[in-house]
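Below you'll find the structure, written out as structure tokens, and then a few comments.
Everything quoted here is computed from the prediction, not taken from an experiment.
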Amino acid sequence: MLAAWDEQRAAAWGSGDGAALARLYVAGSGAGRRDRQMLAAWSGRGLRVRGMATHVLALDVVERRPAYRPRLLRLRVTDRLVGAVAVGGGVRRVLPTDRATTRSVVLRRSGGAWRVESVRLLGW
């Protein structure tokens, strides 16, 4: 489920599709707002970010509500972003690989899809 979400996010970034990106988040999500703002900044410079892939290094389900057929999942995820390339207007720049970070990610089942409600960086 998280892998499919990451792939949809990468596709939205690769095409510069802010509406597709917004659909991946719960309405009002701060994480969604920040993601759309970053996408708009890249698009505003005439660039697309392609080839984005998220390598999940560790994943733990911290909370599942309700336990049967959950509608909310709280995950502890350690991942890093790799493979991203900025392209457009004669530019092709390989972006640096992200370092591994650990976050709390809350997913909510809505409209038949898992959407991100919140993302919070966890300390070392």
Side-chain angles (χ1 to χ4, degrees):
M1 160 228 1
L2 187 60
W5 188 93
D6 285 333
E7 288 173 9
Q8 291 173 48
R9 179 176 180 252
W13 269 83
S15 63
D17 189 342
L21 189 59
R23 287 190 296 273
L24 295 174
Y25 293 89
V26 170
S29 166
R33 183 181 65 254
R34 288 186 300 276
D35 209 10
R36 289 188 314 276
Q37 288 171 343
M38 287 189 299
L39 176 63
W42 283 94
S43 295
R45 293 190 302 253
L47 298 171
R48 299 282 184 260
V49 178
R50 299 212 167 116
M52 220 164 71
T54 303
H55 285 179
V56 175
L57 305 170
L59 186 145
D60 295 303
V61 177
V62 176
E63 181 181 6
R64 180 187 325 248
R65 289 188 306 192
Y68 178 72
R69 298 191 83 201
R71 301 205 51 81
L72 180 133
L73 291 173
R74 184 178 312 275
L75 309 174
R76 179 182 172 96
V77 181
T78 301
D79 62 15
R80 64 188 182 121
L81 191 64
V82 299
V85 179
V87 297
V91 172
R92 184 183 189 286
R93 176 161 297 157
V94 175
L95 300 177
T97 296
D98 192 18
R99 72 175 201 199
T101 51
T102 302
R103 298 174 183 85
S104 172
V105 179
V106 176
L107 297 162
R108 185 169 299 277
R109 188 119 177 114
S110 170
W114 286 101
R115 301 177 200 288
V116 169
E117 183 173 282
S118 67
V119 177
R120 184 174 51 91
L121 189 63
L122 297 176
W124 293 77

request  = Sequence neighbours left out, what pairs pass side chain to side chain donor-acceptor pair (under 3.5 Å) with at least one residue falling in residues 67-89?
outcome  = E63-R74, T78-T102, D79-R103
request  = Go through the structure and list residues passing side-chain hydrogen bond (donor to acceptor under 3.5 Å, both in side chains) with R108, not counting sequence neighbours.
outcome  = E117
key: Heavy-atom pair of closest approach, residues R115 and W5   = CA-NE1, 4.5 Å
key: S43 vs R48 side-chain heavy atoms within contact, under 4.5 Å   = yes
request  = Could you walk me through whether L47 and V87 pass side-chain contact (heavy atoms from CB on, under 4.5 Å), step by step?
outcome  = CA-CA 5 Å; L47 298 171; V87 297; over 6 Å; no
ask   = V119 and L75: same hydrophobic cluster, using ILVMFWY side-chain contacts below 4.5 Å?
value = yes
task = Check whether V61 and L72 end up in the same hydrophobic cluster, where Ile, Leu, Val, Met, Phe, Trp and Tyr are linked by side-chain heavy atoms less than 4.5 Å apart.
result = no
Stepwise side-chain contact (heavy atoms from CB on, under 4.5 Å) test for W13 and R50 = CA-CA 7 Å; W13 269 83; R50 299 212 167 116; over 6 Å; no
note = Distance col, row L21:CG vs R33:CZ, nearest 0.5 angstrom, shows 13.0 Å
message = Surrounding CZ of R109 (heavy atoms of other residues, nucleotides or ligands, distance under 6.0 Å), is the total greater than 12?
response = yes
message = Are V82 and V77 connected into the same hydrophobic cluster when the rule is that any two of I, L, V, M, F, W, Y join if their side-chain heavy atoms are below 4.5 Å apart?
response = no
key: Expected output: side-chain S29 to main-chain Y25 donor-acceptor under 3.5 Å   = no
ask   = Taking C-beta and beyond as the side chain, do M52 and L95 meet within less than 4.5 Å on heavy atoms?
value = no
ask   = What is the distance from atom OG of S118 to atom CG of L107, rounded to the nearest 0.5 Å?
value = 8.5 Å
ask   = Does atom CZ of R45 have more than 12 heavy-atom neighbours, drawn from other residues, nucleotides or ligands, at distances under 6.0 Å?
value = yes
ask   = Is V91 reachable from L39 through a run of I, L, V, M, F, W or Y residues, each pair having side-chain heavy atoms under 4.5 Å apart?
value = yes
message = As a quick check of understanding, evaluate side-chain contact (heavy atoms from CB on, under 4.5 Å) for L73 and W114, giving each step before the final call.
response = CA-CA 9 Å; L73 291 173; W114 286 101; 3.7 Å; yes
task = Supply the atom-to-atom distance T54 OG1 to D6 CG, rounded to the nearest 0.5 angstrom.
result = 4.0 Å
request  = Could you check if a side-chain atom of V49 sits within less than 4.5 angstrom of a side-chain atom of V85, using non-hydrogen atoms only?
outcome  = no
request  = Determine whether V106 and M1 fall in the same hydrophobic cluster, where Ile, Leu, Val, Met, Phe, Trp and Tyr are linked whenever their side-chain heavy atoms lie under 4.5 Å apart.
outcome  = no
key: Main-chain N/O of A19 paired with D17 side-chain donor or acceptor, under 3.5 Å   = yes
key: Main-chain N/O of A12 paired with R9 side-chain donor or acceptor, under 3.5 Å   = no
